[in-house]
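Read through the structure below, which is laid out as structure tokens, and then see the notes.
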Amino acid sequence: MDWERTVGGYALVMGAVTLAIWVLTVEHGSVMEPRTDPFALFASLVLGGLTGVSLLATGVGLVRSQLWARPLSLVAFGLLFAGVIDSAGYYAGVGRVGVVVALFVVCLVTLAALGWLLVDARNRARRAAW
């Protein structure tokens with residue numbers, strides 16, 4: 001099994017899902033009222049967009065085995081991890097247990113992807129030293 005392509009596929013899926021969630025949320029007007037806290041809304045939209053775009057770029061790079069994708073993947077998965085933790089806190093506060101469980105699963109898979117990237121990078125460095 002080619003783990004680099006698997007992690008790249010996961011990044012592509014999560015990037016598309018992240019962007020789709022934000023587009024649907026904004027389109028249906030279920031985001032917070034812009035007049036109550038415009039900076040928080042702007043920051044959430046920018047960070048969600050950056051997360052989605054960086055995950056898509058990472059996915060394309062990892063599937064194509066590009067060298068630049070590895071460092072970008074650490075940033076992209078870090079953004080995803082932080083966003084998932086933030087979202088889980090919000091949904092736990094409003095009592096949506098099913099969403100929290102789903103976000104916990106995403107959190108675990110993201111940690112596994114990050115762990116694989118770090119271990120594989122270390123192994124590549126050892127092989128290159130020989």
Inset, instruction - Show your reasoning for whether side chain to side chain contact (heavy atoms under 4.5 Å, CB included) applies to Ser73 and Val7. - result: CA-CA 9 Å; Ser73 67; Val7 172; 6.0 Å; no
Inset, instruction - Could you give me the CA-CA distance, side-chain angles and deciding distance for Leu56 and Leu19, then say whether side chain to side chain contact (heavy atoms under 4.5 Å, CB included) is met? - result: CA-CA 10 Å; Leu56 288 174; Leu19 291 177; 3.6 Å; yes
Inset, instruction - May I have the step-by-step check of side chain to side chain contact (heavy atoms under 4.5 Å, CB included) for Thr110 and Tyr10, ending in yes or no? - result: CA-CA 9 Å; Thr110 301; Tyr10 174 68; 2.7 Å; yes
Legend entry - Spacing of CZ belonging to Arg5 relative to CZ belonging to Arg64, to within rounding of 0.5 Å: 10.5 Å
Legend entry - Single-linkage hydrophobic cluster Leu12~Leu72, side-chain heavy atoms < 4.5 angstrom: no
Inset, instruction - Identify which one of Asp86, Val97, Val99 satisfies the side chain to side chain contact (heavy atoms under 4.5 Å, CB included) criterion when paired with Tyr91. - result: Val99
Inset, instruction - Of all the heavy-atom pairs spanning Cys107 and Phe81, show the shortest one and how long it is. - result: SG-CE1, 2.9 Å
Inset, instruction - Verify the cluster assignment for Leu114 and Val17: are they in a single hydrophobic cluster under the rule of side-chain heavy atoms below 4.5 Å apart? - result: no
Legend entry - Leu108 CG to Leu103 CG distance, which is reported to the nearest 0.5 Å: 11.0 Å
Inset, instruction - Please round to the nearest 0.5 Å and tell me the distance separating atom CZ of Arg70 and atom CG of Leu117. - result: 6.0 Å
Inset, instruction - Quick one: closest heavy-atom pair of Ala69 and Leu62, and the distance? - result: CB-N, 3.5 Å
Inset, instruction - Is it possible for you to say whether Met14 and Val75 belong to one hydrophobic cluster, with membership spreading through side-chain heavy-atom contacts below 4.5 Å? - result: no
Legend entry - Verify same cluster id: Trp116, Val84 (apolar side-chain graph, 4.5 Å): yes
Legend entry - Ile85 CD1 to Phe104 CZ distance, which is reported to the nearest 0.5 Å: 9.0 Å
Legend entry - Spacing of CG belonging to Leu111 relative to CZ belonging to Phe77, to within rounding of 0.5 Å: 11.0 Å
Legend entry - Hydrophobic cluster identity match, Leu55 and Val109, side-chain contacts under 4.5 Å: yes
Inset, instruction - Hey, could you give me the CG/OG distance between Leu47 and Ser54, rounded to the nearest 0.5 Å? - result: 10.0 Å
Legend entry - side chain to side chain contact (heavy atoms under 4.5 Å, CB included) between Leu74 and Leu118, intermediate numbers included: CA-CA 9 Å; Leu74 297 176; Leu118 292 172; 3.9 Å; yes
